[in-house]
Amino acid sequence: VYSMTLVIGELCKRGEVDKGKGLLDEMVGRGVKPNEFTYNTFVDAFVKKLDFVGVKKILSEMEKNGVSLNVATYTLLIEGYGSSGKIEEAERLFEEMQGKGIEGDVHVYTTMISWLCKSGNLKSAFTLFDELVERGLVPNAHTYGALINGLCKAGQMEAAETLLNEMQTKGINLNRVIFNTLMDGYCKQGRIDEAWRLQSVMEKKGLQPDVFVYNIIATGLCKLNQHEEAKRCLLSMVDRDVAPNTVTYTTLIDLYCKEGNFVEAKRILREMENKGQNPNTVTYNALIDGHCKKGRMKEAHKLRNEMESKGLVPDVYTYTSLIHGECIFGRIDEALKLFHEMPAKNLVRNVVTYSALISGLSKDGRSDEAFRLYDEMIEAGLTPD
RNA sequence: ACGAAUCAUAGCGCCCA
């Protein structure tokens with residue numbers, strides 16, 4: 001079982017989940033009983049693909065074979081629901097785990113805390129943090145990182161710095177991730193000066209800037225409308241032997257799209273593919289949104305087909321951009337069609353999606369439908385901001 | 001032998017013009 005699990009794990013990591021599944025079936029056929037580690041490998045693979053049908057299949061197989069979920073399985077499931085926007089479901093699983101008497105560990109607490117933070121529920125995150133400490137568990141850099149990130153995203157930089165001090169008091173090593181998190185927080189506040197300050201603190205500790213740092217600073221510059229500086233920052237990476245990644249290229253593509261320079265955007269798309277940094281859903285979303293905003297809807301839909309042909313799955317951002325684009329040009333019925341496609345694709349419509357469509361409807365004089373949609377949004381448990 | 005923290009993409013409003 002031990003070695004089989006390793007092999008299956010390797011296959012799944014390479015994306016050959018089907019081959020792994022074949023091996024699993026072969027295992028069972030030969031009377032080797034897979035254990036929770038074996039199954040978790042599959043849960044991991046399906047969760048990363050956001051394939052919940054696949055996840056459910058594995059879970060029922062586990063049940064059938066009398067293998068129970070362990071704390072790592074729950075961590076994976078919570079991660080999966082969190083990343084697809086189903087935070088209540090994630091919380092429900094966390095409680096289910098505790099109800100079954102499975103001891104939560106630092107990993108699962110950190111995962112839950114992270115997703116609570118990401119959904120803007122800092123209060124619950126800190127409550128959970130207290131619970132973790134009360135239970136005698138020791139929070140580590142990941143746990144603090146999750147909370148610091150939450151505070152940074154909420155713009156609470158002083159509170160984030162307080163946690164940073166708390167880490168130091170507790171003797172937890174301040175690593176790259178922690179610094180990068182704070183730098184990003186300051187950049188999002190438009191305080192690049194503070195980001196530079198942290199960067200020099202990092203250098204004093206012997207931490208050279210990595211690709212994250214460049215990406216963070218460049219995005220900060222973009223937000224301050226310093227596009228040329230942002231481009232220079234990203235292009236300077238190469239001179240300093242830092243390899244650009246998908247995020248770097250996507251940032252550039254987004255920049256060019258917003259300038260309406262689709263030729264350059266396309267060129268970068270080809271360049272990244274040539275360098276083996278594959279475009280992902282976000283990359284295409286940037287392209288699609290750029291085209292939508294310039295009324296190039298035909299091209300936008302073409303890009304959407306192109307992404308799907310590469311096995312990339314459109315997400316809420318893709319749909320919202322398309323819906324918004326159709327609305328701008330008065331093709332509300334096209335927008336509605338897209339809107340209704342979403343649930344079947346397992347996409348959770350959020351406030352942004354609804355408001356794009358609601359504003360489209362009302363600008364088109366279809367206020368009855370707009371109000372109806374508004375009510376539907378409230379019923380879906382969404383709060384307008 | 002399994003699992004956790006940092007970067008890129010969407011709407012409305014506000015401000016400015």
Side-chain angles (χ1 to χ4, degrees), chain A residues 1-9 12 35-45 47 70-80 82 105-115 117-118 139-150 152-153 175-185 187-188 210-220 222 234 245-255 257-258 280-290 292-293 315-325 327-328 350-360 362 384-385:
Chain A
V1 193
Y2 185 97
S3 44
M4 288 298 246
T5 303
L6 285 181
V7 175
I8 290 175
C12 286
N35 59 19
E36 60 267 44
F37 297 109
T38 324
Y39 285 119
N40 281 350
T41 308
F42 287 102
V43 176
D44 188 19
V47 159
N70 67 14
V71 63
T73 325
Y74 276 102
T75 310
L76 286 164
L77 294 174
I78 289 169
E79 170 77 19
D105 61 7
V106 184
H107 281 240
V108 77
Y109 269 95
T110 301
T111 307
M112 195 64 239
I113 286 171
S114 173
W115 284 107
C117 286
K118 283 174 181 151
N140 58 25
H142 287 248
T143 322
Y144 277 100
L147 287 170
I148 289 175
N149 186 38
C152 284
K153 293 293 181 302
N175 61 24
R176 276 208 151 77
V177 176
I178 300 293
F179 281 110
N180 291 351
T181 307
L182 280 159
M183 284 181 73
D184 184 57
C187 282
K188 291 212 162 46
D210 61 4
V211 61
F212 279 74
V213 172
Y214 284 93
N215 294 342
I216 287 165
I217 299 277
T219 308
C222 285
L234 291 178
N245 62 12
T246 300
V247 174
T248 315
Y249 288 112
T250 304
T251 308
L252 274 170
I253 287 175
D254 184 50
L255 247 157
C257 282
K258 286 193 166 60
N280 60 18
T281 298
V282 179
T283 316
Y284 273 94
N285 287 349
L287 281 161
I288 290 172
D289 187 63
C292 284
K293 289 213 169 74
D315 64 8
V316 193
Y317 285 78
T318 324
Y319 273 89
T320 307
S321 289
L322 289 169
I323 288 171
H324 181 232
C327 284
I328 297 176
N350 60 26
V351 184
V352 181
T353 325
Y354 274 99
S355 44
L357 192 52
I358 289 173
S359 102
S362 41
D385 51 11

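Because the structure is predicted, anything quoted here is derived from the model rather than measured. The chains referred to below are lettered A, B, ... by the order of the sequence lines, with proteins before strands, and numbering in each begins at 1.
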Pair Asp254(A)-Thr251(A), side-chain donor/acceptor within less than 3.5 Å: no

Test applied, side chain to side chain donor-acceptor pair (under 3.5 Å); reference residue, Asp315(A); option that passes from Thr281(A), Asn285(A), Thr320(A): Asn285(A)

Which distance, rounded to the nearest 0.5 Å, do you find between the OH of Tyr74(A) and the CG of Asn40(A)? 11.5 Å

Going from CZ on Phe212(A) to OG1 on Thr248(A), what distance comes out if it is rounded to the nearest 0.5 angstrom? 9.5 Å

Tell me what Asn35(A) touches on the nucleic acid: a base, only sugar-phosphate, or nothing, going by heavy atoms under 4.0 Å. base

What is the nucleic acid contact for Val71(A), judged by heavy atoms within less than 4.0 Å: base, sugar-phosphate only, or nothing? base

What's Val43(A) touching, base or sugar-phosphate or nothing? Going by heavy atoms closer than 4.0 Å. nothing

Quick one: label Thr111(A) by what it contacts on the DNA or RNA (base, sugar-phosphate, nothing), any heavy atom closer than 4.0 Å. sugar-phosphate

Look at all strands and tell whether Thr251(A) reaches a base, only sugar-phosphate, or nothing, counting heavy atoms closer than 4.0 Å. sugar-phosphate

Those residues at least two apart in sequence (or on a different chain) that pass ring-ring contact (aromatic ring centres under 6.0 Å, His included) with Tyr144(A) are Phe129(A)

Heavy-atom side-chain proximity of Val177(A) to His142(A) below 4.5 angstrom: no

Reading RNA chain B in the 5' to 3' direction, which nucleotide is the first one with an atom under 4.0 Å from a heavy atom of chain A, and which is the last? A1(B) to C12(B)

With heavy atoms under 4.0 Å as the rule, sort Ala146(A) into base, sugar-phosphate or nothing. sugar-phosphate

